[in-house]
Amino acid sequence: MNITEKILARASKNESVEPDEVVFVNVDKAMLHDVSGPGVIKVFEKLQKQGISVDKLWDPSKVWVAEDHFVPSAEKVSAENIVKLSNFTKNYGIEKHFKYGLGQYGICHTLSHEEALVLPGEVYVAGDSHTNTTGALGAFACGLGHTDMAYVLLNGKIWFKVPETLYFKLNGKLPEHVMAKDFILRIIGDIGTDGAAYKAMQFGGTGVYEMSVDERLTLTNMTTEAGAKNGIIEPDQKITDHLAERGATNYTALKGDSNAQFAKIFEYDGSEMEPTVAKPFSPQNVSVVRETSSIELDKAYIGSCTGAKFEDLKAVAKILKGRKVKIRTEILPAAISIYKKALENGFIKIFLDAGAMVGPPTCGACCGAHMGVLAKDEICISTTNRNFPGRMGHVESQTYLASPLVAAASAVTGKITDPRDLN
Amino acid sequence: MKGNVIKYEQDNIDTDVILPGTYLKIHDYAELATHAMEGLDPDFHSKVKEGDFIVAGRNFGCGSSREHAPIALTHSGIKAVLALSFARIFYRNAVDGAFLLPIEIDEDAYKDISNGDELEINVATNEINNHTKNKKYQMKPFSEIIGKIIAAGGLFKFKP
């Protein structure tokens with residue numbers, strides 16, 4: 001069995017599982033945020049009317065809650081959702097509630113790895129499609145809707161069809177100026193936005209294990225954009241160290257067997273990878289940066305679970321140090337812990353000196369919610385994960401998805417720019 | 001189940017156009033319905049009728065896990081989406097939440113069905129009758145678990 005099958009076998013108390021088999025798995029961790037939380041509350045209300053008990057959760061200690069999509073509240077409805085969420089966590093005894101403006105908080109997927117809330121070998125489900133992100137820690141991490149999350153919260157289990165696994169092997173290190181984002185955009189360009197539909201995407205090879213934990217999280221995060229059920233990387237010493245630094249040492253990591261089966265293996269040569277963007281209006285609409293360098297931009301957005309981790313900000317600081325931005329540039333670290341670390345490392349001063357704006361952690365404009373949404377015809381380069389019509393605001397705005405290095409280099413010139421071509 | 005078709009001849013109709021992100025803070029189902037398909041077809045709300053079907057191409061509902069998407073369509077009156085394929089979260093949200101039926105059709109049926117056609121869908125026999133064109137198509141049968149959850153009326157009523 002491969003790692004995904006091993007985790008699903010353990011969690012379903014089966015000796016082994018095979019692709020396409022339907023299993024009920026016991027969930028180890030579950031998460032709700034300020035969009036899926038009120039969605040689940042609504043499902044609970046419906047269930048109560050049907051006479052189904054919603055008096056207590058299966059295990060409140062395994063559930064955590066993030067405020068990220070609509071914080072800081074821009075208007076009354078969002079503010080009321082936060083109150084609803086707070087009442088919910090209080091009533092059900094959920095202690096891990098990361099509140100905006102109260103110590104550590106941030107984008108839910110970022111908290112999962114910053115706070116070591118999910119561990120290798122676990123089954124983690126959450127009410128958000130980019131839950132796949134956390135699979136970089138060696139967990140089975142999968143996004144679900146409100147009804148499914150309500151079911152998990154009340155029963156501690158959920159059904160899954162065991163996915164086939166596509167294995168993406170990166171041979172050799174990525175060249176300088178090329179990031180995980182470039183690699184995963186290239187993959188999505190190759191296989192398409194439904195190229196991994198219902199499947200697992202596993203990453204490996206020397207190039208992947210050379211990557212920092214933050215960079216690996218970009219790979220698994222974007223598996224959602226290829227339609228994958230989960231993205232996963234077998235954990236190594238870097239993961240062990242990352243978790244140990246956050247006090248997490250008690251877990252049983254799983255790895256695939258030496259004869260693990262994959263539906264298909266894709267091999268890439270690290271040295272051939274190039275800075276890449278996804279053009280509007282699909283993550284599969286990819287092009288190398290040098291072929292899009294005539295595109296004039298209105299704005300650069302450096303934010304989200306995909307593109308505002310510590311290593312992402314470090315890459316941006318490398319470009320912006322001693323330079324000025326030519327277009328509006330918004331930088332929103334993905335969590336308070338990252339914000340502080342960026343401050344301690346002098347990145348925030350570099351950003352402000354360059355003329356960029358630094359904002360609070362939030363999903364914000366990534367999902368077109370608030371905090372910098374795009375107007376009609378505006379063109380944005382963004383370190384986020386999706387560029388569907390209207391994703392970041394007006395349906396006739398345009399978003400180019402890029403790595404933090406490409407987004408920062410483009411902020412400096414005002415045009416889409418390969419960081420290798422920056423003076 | 002009988003109704004008329006609203007056809008979108010395109011692939012990858014994503015959750016951001018089915019229910020734009022700005023409305024994610026809304027959890028009133030009737031209000032969500034007024035914004036259904038707003039990113040793709042601003043006239044949708046005024047033209048959709050109770051019992052209608054949507055027909056679309058590959059990977060319908062890709063993107064976000066927002067259950068708002070099947071909720072907004074269902075509460076607009078849509079009883080089923082007939083597509084070449086579905087994205088996984090949209091599909092399971094529709095089924096587990098007992099909202100609209102996600103029905104997979106083949107290329108021939110997809111090409112043949114026109115906007116406004118009257119269809120009759122029989123899930124028990126996997127048959128789709130196009131009364132306007134006087135033709136019959138086969139839908140892809142639901143897998144065992146999906147069929148059982150639909151028959152039960154959603155995940156909470158399903159006994160594993």
Side-chain angles (χ1 to χ4, degrees), chain A residues 20 22 24 34-36 38-39 41-43 47 50 52 69-70 75 77-78 80-81 84 126-131 143-151 154 157-159 161 192-194 197-198 224-225 227-229 281-282 284 363 366-370 373 386 388-393 395, chain B residues 11-29 31-32 38-42 57-71 84-99 143-146 148-149 153-158 160:
Chain A
D20 288 341
V22 173
F24 263 85
D34 59 331
V35 170
S36 51
I41 293 168
K42 187 88 183 177
V43 176
L47 292 171
Q50 294 166 15
I52 296 170
H69 278 64
F70 288 88
E75 34 59 50
V77 178
S78 305
E80 278 156 15
N81 280 336
K84 253 191 217 171
D128 191 283
S129 65
H130 290 106
T131 302
L144 298 173
H146 310 159
T147 302
D148 282 347
M149 284 309 297
Y151 191 89
L154 296 170
K157 59 183 181 178
I158 192 71
W159 70 272
K161 193 152 94 173
T193 50
D194 63 354
Y198 297 84
T224 306
E225 304 325 315
K229 186 171 288 178
F281 289 100
S282 170
Q284 74 182 11
C363 300
C366 169
C367 56
H370 64 142
V373 298
R386 286 192 181 131
F388 304 140
R391 170 70 181 178
M392 291 188 75
V395 78
Chain B
D11 298 333
N12 302 310
I13 293 178
D14 64 82
T15 50
D16 277 291
V17 298
I18 298 171
L19 197 281
T22 189
Y23 305 121
L24 290 178
K25 59 193 171 220
I26 297 168
H27 295 277
D28 179 272
Y29 293 179
E31 191 181 346
L32 285 173
E38 200 173 283
L40 179 68
D41 179 5
R58 265 171 58 184
N59 204 25
F60 186 91
C62 61
S64 152
S65 62
R66 61 192 70 165
E67 203 154 304
H68 306 60
I71 289 169
L84 292 173
S85 65
F86 290 88
R88 57 164 287 275
I89 311 183
F90 180 91
Y91 189 90
R92 74 180 286 159
N93 282 348
V95 170
D96 286 356
F99 298 112
S143 70
E144 194 186 340
I145 181 140
I146 297 297
K148 283 181 180 172
I149 295 172
L155 183 60
F156 276 93
K157 292 182 181 157
F158 167 72

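In what follows, every chain begins at residue 1, and chains take the letters A, B, ... in the order their sequences are listed.
- Of all the listed residues (A/Glu80, A/Glu75, A/Gln50), the one sharing the greatest number of non-hydrogen pairs under 4.5 Å with chain B is A/Glu75.
- Residues A/Phe70 and B/Leu24 are in side-chain contact: their nearest non-hydrogen atoms beyond the backbone lie under 4.5 Å apart.
- In this pair, B/Tyr91 and A/Tyr198 present their aromatic rings perpendicular. The plane angle is above 60°, beyond the 30 to 60° band.
- The side-chain contact (heavy atoms from CB on, under 4.5 Å) check on B/Leu84 picks up B/Arg58, B/Glu107, B/Tyr110, with sequence neighbours excluded.
- Under a 3.5 Å cut-off, the side chain of A/Asn81 and the backbone N or O of B/Lys25 do form a donor-acceptor pair.
- A 4.5 Å side-chain heavy-atom check between B/Asp16 and A/Arg386 finds at least one atom pair inside the cut-off.
- The nearest pair of heavy atoms linking B/Ile146 to A/Trp159 is CD1-CH2, 3.7 Å.
- Shown here for A/Val35 and B/His27, the closest heavy-atom pair between the two residues is O-CE1, 3.1 Å.
- Contact annotation for B/Leu155: both backbone and side-chain heavy atoms come within less than 4.5 Å of a heavy atom of chain A.
- Heavy-atom pairs under 4.5 Å with chain A peak, among B/Ser143, B/Gly97, B/Gly154, at B/Gly97.
- For the pair A/Ile158/B/Arg92, a side-chain contact is recorded, criterion being any heavy-atom separation below 4.5 Å from C-beta on.
- With a threshold of 4.5 angstrom between heavy atoms, B/Asn12 approaches chain A through side-chain atoms but not through N, CA, C or O.
- The backbone N or O of B/Asn59 sits nowhere less than 3.5 Å from a side-chain atom of A/Asp194 that would complete a donor-acceptor pair.
- Listed here is the closest heavy atom pair of B/Gly63 and A/Phe388: CA-CE1, 3.9 Å.
- Looking at B/Phe86, both its backbone and its side chain come within 4.5 Å of chain A, counting heavy atoms on both sides.
- Contact check for B/Asp96 versus A/Tyr151: no side-chain heavy atoms found under the 4.5 Å cut-off.
- When heavy atoms are compared at a cutoff of 4.5 Å, B/Leu40 does not approach chain A at all.
- Between B/Ser64 and A/Ser129 the shortest heavy-atom distance is CA-OG, 3.6 Å.
- Here B/Glu67 contributes atom CD and A/Met149 contributes atom CE; the two are 11.0 Å apart, rounded to the nearest 0.5 Å.
- Residues forming a side-chain contact (heavy atoms from CB on, under 4.5 Å) with A/Ala228 (at least two apart in sequence, or on another chain): A/Asn132, A/Ala196, A/Met201, A/Thr223.
- Chosen from B/Ile89, B/Thr22, B/Asp14, the residue pairing most often with chain A at heavy-atom distances under 4.5 Å is B/Asp14.
- Of the listed residues (B/Glu38, B/Arg66, B/His68), the one with the most heavy-atom contacts under 4.5 Å to chain A is B/His68.
- Residue contact with chain A, scored on non-hydrogen atoms closer than 4.5 Å, involves the side chain of B/Ser85 exclusively.
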